[in-house]
Number of protein chains: 2
Amino acid sequence: MPDRATPRSRKVTVRDVAAEAGVSIATASRALAGQASVDPELVRRVLRASADLGYRANALARALRTQRTDTIGMVVPSISNPYFIAAIEAVELVLAESDRSLLLCDAREDATVEAGRIDLLVHRMVDGLIVVPVATEASAPALEAAAQELPVVQFDRFVDAVPTDFVGSDNTVGVRACVDHLRRRGARRIAFVGAQPTTSTAAERLRAFRDCVGVEDCPDRWLLLGDFSARWGREAARSLLEGEGLPDAIVCGADVIAVALVAELRSAGVTVPEQVAIVSYDDSTLGALTVPPLTSVRQPIEDMAREAVRLLDHRRERADAAVRKSVFPPALVVRGSTR
Amino acid sequence: MPDRATPRSRKVTVRDVAAEAGVSIATASRALAGQASVDPELVRRVLRASADLGYRANALARALRTQRTDTIGMVVPSISNPYFIAAIEAVELVLAESDRSLLLCDAREDATVEAGRIDLLVHRMVDGLIVVPVATEASAPALEAAAQELPVVQFDRFVDAVPTDFVGSDNTVGVRACVDHLRRRGARRIAFVGAQPTTSTAAERLRAFRDCVGVEDCPDRWLLLGDFSARWGREAARSLLEGEGLPDAIVCGADVIAVALVAELRSAGVTVPEQVAIVSYDDSTLGALTVPPLTSVRQPIEDMAREAVRLLDHRRERADAAVRKSVFPPALVVRGSTR
DNA sequence: CGGAGTCGAGAAAACGATTCCTCGGAACAG
DNA sequence: CTGTTCCGAGGAATCGTTTTCTCGACTCCG
């Protein structure tokens with residue numbers, strides 16, 4: 001094995017191809033673009049030269065000229081949240097189908113960081129932006145500014161003040177499915193462990209829960225609000241254990257919360273689902289691998305990703321079309337934690 | 001709320017700034033770049049004009065001119081593997097510190113896809129490429145070609161035939177730490193559940209295990225090789241259960257394998273760690289959240305990410321420097337699965 | 001007072017593509 | 001045979017920067 005990396009080779013440009021084929025730059029470009037108005041013989045020569053030289057167009061130069069980078073930017077509150085991972089993966093897959101790529105940014109749950117990353121992506125001239133906003137209030141200005149410049153889709157969460165396209169799932173239906181499922185199983189007293197309603201998603205799930213489960217079945221002390229993290233799941237479990245009496249069931253706002261909560265409950269000797277049944281949200285790989293596996297609300301994330309990209313492409317065509325909200329129906333996946 | 005997205009606004013260029021400030025384009029550019037050779041009064045006017053107009057340089061045009069995109073490409077075999085997620089997150093964080101960004105690609109465990117994505121990134125003119133190669137053999141040609149064009153760092157796994165910089169961790173030390181730990185706990189008969197040695201990582205871990213544990217303590221039927229997936233973990237567990245007698249302990253090649261394996265063992269009534277102790281690799285959030293939490297080998301992934309970026313930057317300066325392999329020492333994190 | 005040296009700003013040439021515009025030649029009609 | 005029309009290929013402009021030249025003015029020294 002050689003012990004030094006190979007040195008860089010000079011890039012071959014369309015100029016070289018044109019020279020090799022004995023045609024003008026313009027003709028070479030047209031031939032490579034597959035335009036019909038070029039003499040087939042010349043096309044042959046250009047293609048030949050291109051192949052011989054191993055030509056590949058410089059994406060930057062092309063983008064500068066055509067004002068199109070074939071790149072989509074995506075900003076998520078935290079890369080390590082399994083739900084966002086699934087979203088990232090789905091978007092990446094959709095983009096790969098059309099040879100586009102994904103510029104990924106992590107906002108680290110901080111609206112200031114988020115604003116900086118959005119701004120960066122805008123000036124990188126991405127063709128569109130998919131954003132899961134960190135917070136309802138704080139994310140508004142940067143989103144607003146971005147939407148002036150290019151197509152933006154809000155994903156999963158919605159900042160009301162900023163009129164962009166949106167893709168999400170129906171949290172009311174999802175939470176109702178959870179509660180109905182639990183009630184059919186015989187649960188009456190149900191707790192809710194979710195996140196503070198600083199995001200539309202958290203707020204909707206909370207509201208939906210309150211609409212289904214009155215204070216007689218869920219006293220306020222069982223309405224536990226923190227954030228989308230494992231730490232919070234643990235903490236919430238402890239606070240439930242300290243209070244007197246346990247609920248028949250718990251609805252969690254996310255798998256990452258539920259997994260930690262279940263672990264904590266079980267290590268305190270509580271059986272799941274016998275003593276307390278658990279349902280959760282996201283249907284992540286995480287939740288499917290625990291013991292017992294989690295009953296969880298599944299969002300059609302691949303479809304949602306595809307729709308997000310579709311909306312971006314669409315708005316590119318008609319920048320001033322009315323904003324569109326695509327809301328997908330979720331489905332409850334029943335597993336061991338309620339069985 | 002208005003019901004239509006805001007229309008795009010015309011971009012303001014350095015030309016506009018120059019005009020507004022009453023100077024030439026060249027001077028405006030220099031002033032904005034903070035070059036000392038510009039009259040302070042002119043600098044003031046340019047900065048003022050720039051702020052007034054809300055100017056931000058077009059990253060594409062700058063990149064085309066300077067041949068530097070401030071973007072790093074990263075290709076991983078599968079976005080959803082928790083180890084790669086941690087790597088992606090760490091790299092993104094390091095890049096964010098210097099206002100650079102990450103073009104992320106998923107090779108879907110397929111060397112052909114991988115080759116396509118690498119090629120794409122090269123022609124996007126990323127400043128460097130961090131690749132976790134899909135396979136030792138199949139990934140070579142694309143990597144080789146990429147390394148001709150720009151700085152490449154192989155991460156975690158190494159393709160021997162391609163001389164690029166490398167960042168990884170010491171698998172021999174890691175596996176030995178696992179085995180030593182288990183033996184101190186009193187385990188004698190130890191099984192290994194890992195991946196087929198199609199990647200350097202899997203091969204090294206397997207070899208290290210064999211070097212520590214002879215055939216008398218681990219008969220060949222306890223050397224189970226599949227892939228880095230939960231499905232394989234489950235399958236391996238079943239195959240162990242079907243054979244006669246269980247080992248005292250199992251070393252797993254990755255958390256994602258271990259988690260599924262533990263779930264399967266426990267649902268067959270095997271107690272962990274009492275009957276069988278488990279150690280694993282990656283120290284992912286996944287493994288920390290299960291019951292019992294996994295004892296696992298932790299790699300200093302943040303340091304490794306920083307080193308990878310540092311190597312890319314370094315090679316940019318000196319393209320023909322000798323290739324460098326940075327191998328980090330892992331550490332065993334002891335948790336419930338061996339306690 | 002004149003010539004060498006300095007310094008700073010503007011003009012112009014990259015970077016590497018796409019695409020508009022022009023123009024020569026062929027075809028065809030009158 | 002001449003005048004349009006059409007068509008296809010090449011020249012040049014463009015995208016928005018950075019950076020190299022170039023050149024005029026000013027300083028300083030002999």
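In what follows, chains are A, B, ... by sequence order, proteins preceding strands, each numbered from 1.
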Could you state the [atom1]-[atom2] distance from [X] to [N], rounded to the nearest angstrom?
{"X": "B:Ile25", "N": "D:dC15", "atom1": "CD1", "atom2": "C1'", "answer": "13 Å"}
{"X": "A:Asp16", "N": "C:dG16", "atom1": "CG", "atom2": "C1'", "answer": "11 Å"}
{"X": "B:Lys11", "N": "D:dT17", "atom1": "NZ", "atom2": "P", "answer": "10 Å"}
{"X": "B:Leu42", "N": "C:dG10", "atom1": "CG", "atom2": "C1'", "answer": "12 Å"}
{"X": "B:Leu32", "N": "D:dG16", "atom1": "CG", "atom2": "C1'", "answer": "13 Å"}
{"X": "B:Arg68", "N": "D:dT19", "atom1": "CZ", "atom2": "P", "answer": "12 Å"}
{"X": "A:Arg124", "N": "D:dT17", "atom1": "CZ", "atom2": "C1'", "answer": "15 Å"}
{"X": "A:Met125", "N": "D:dC15", "atom1": "CE", "atom2": "C1'", "answer": "9 Å"}

Requested in this report: Scan residues 43-67 of chain A against DNA chain D and write down, sorted by residue number, each residue with any heavy atom closer than 4.0 Å; if none is found, say none.
Outcome: A:Leu64, A:Arg65, A:Gln67
Query raised in the report: For DNA chain C, whose closest nucleotide is more 5', that of B:Ala36 or that of A:Gln35?
Result: B:Ala36
Requested in this report: Take nucleotides 21-28 of chain D nucleotide by nucleotide from the 5' end and write B, S or -, depending on whether a protein heavy atom sits under 4.0 Å from the base, only from the sugar-phosphate, or from neither.
Outcome: --------
Report task. Determine, stepwise, if the pair A:Leu47 / A:Leu32 fulfils side chain to side chain contact (heavy atoms under 4.5 Å, CB included). Result -> CA-CA 7 Å; A:Leu47 259 36; A:Leu32 290 166; 4.0 Å; yes
Query raised in the report: Of the options B:Arg315, B:Lys325, B:Arg318, which is the one that meets B:Asp165 in a salt bridge (Lys or Arg N to Asp or Glu O under 4.0 Å)?
Result: B:Arg315
OP1 or OP2 of [N] less than 4.0 angstrom from a side-chain nitrogen or oxygen of [X], does that happen here?
{"X": "A:Thr27", "N": "D:dA9", "value": "no"}
{"X": "A:Thr13", "N": "C:dG16", "value": "no"}
{"X": "B:Ser37", "N": "C:dC7", "value": "no"}

**Report entry** Steps toward side-chain hydrogen bond (donor to acceptor under 3.5 Å, both in side chains) verdict (B:Thr66, B:Arg68)
**Finding:** CA-CA 5 Å; B:Thr66 62; B:Arg68 159 175 185 131; over 6 Å; no
Requested in this report: Indicate the ring-plane relationship of A:Phe155 and A:Tyr83, choosing parallel, tilted or perpendicular according to the 30° and 60° boundaries.
Outcome: tilted
Query - Options D:dA9, C:dA9, D:dT18, nucleotide nearest the side-chain atoms of A:Val38 - result: D:dA9
Query raised in the report: For A:Arg324, does the CZ atom have more than 12 heavy-atom neighbours from other residues, nucleotides or ligands under 6.0 Å away?
Result: no
Query raised in the report: Should B:Asp303 and B:Arg310 count as an ion pair when the cut-off is N to O under 4.0 Å?
Result: no
Query raised in the report: Quick one: do A:Arg117 and A:Asp119 make a salt bridge, cutoff under 4.0 Å?
Result: no
Query raised in the report: Who pairs with A:Tyr55 by ring-ring contact (aromatic ring centres under 6.0 Å, His included), at least two apart in sequence or on another chain?
Result: none
Query raised in the report: Does the side-chain hydrogen bond (donor to acceptor under 3.5 Å, both in side chains) test come out yes or no for B:Glu307 and B:Ser326, once each step is laid out?
Result: CA-CA 8 Å; B:Glu307 173 70 1; B:Ser326 286; 2.6 Å; yes
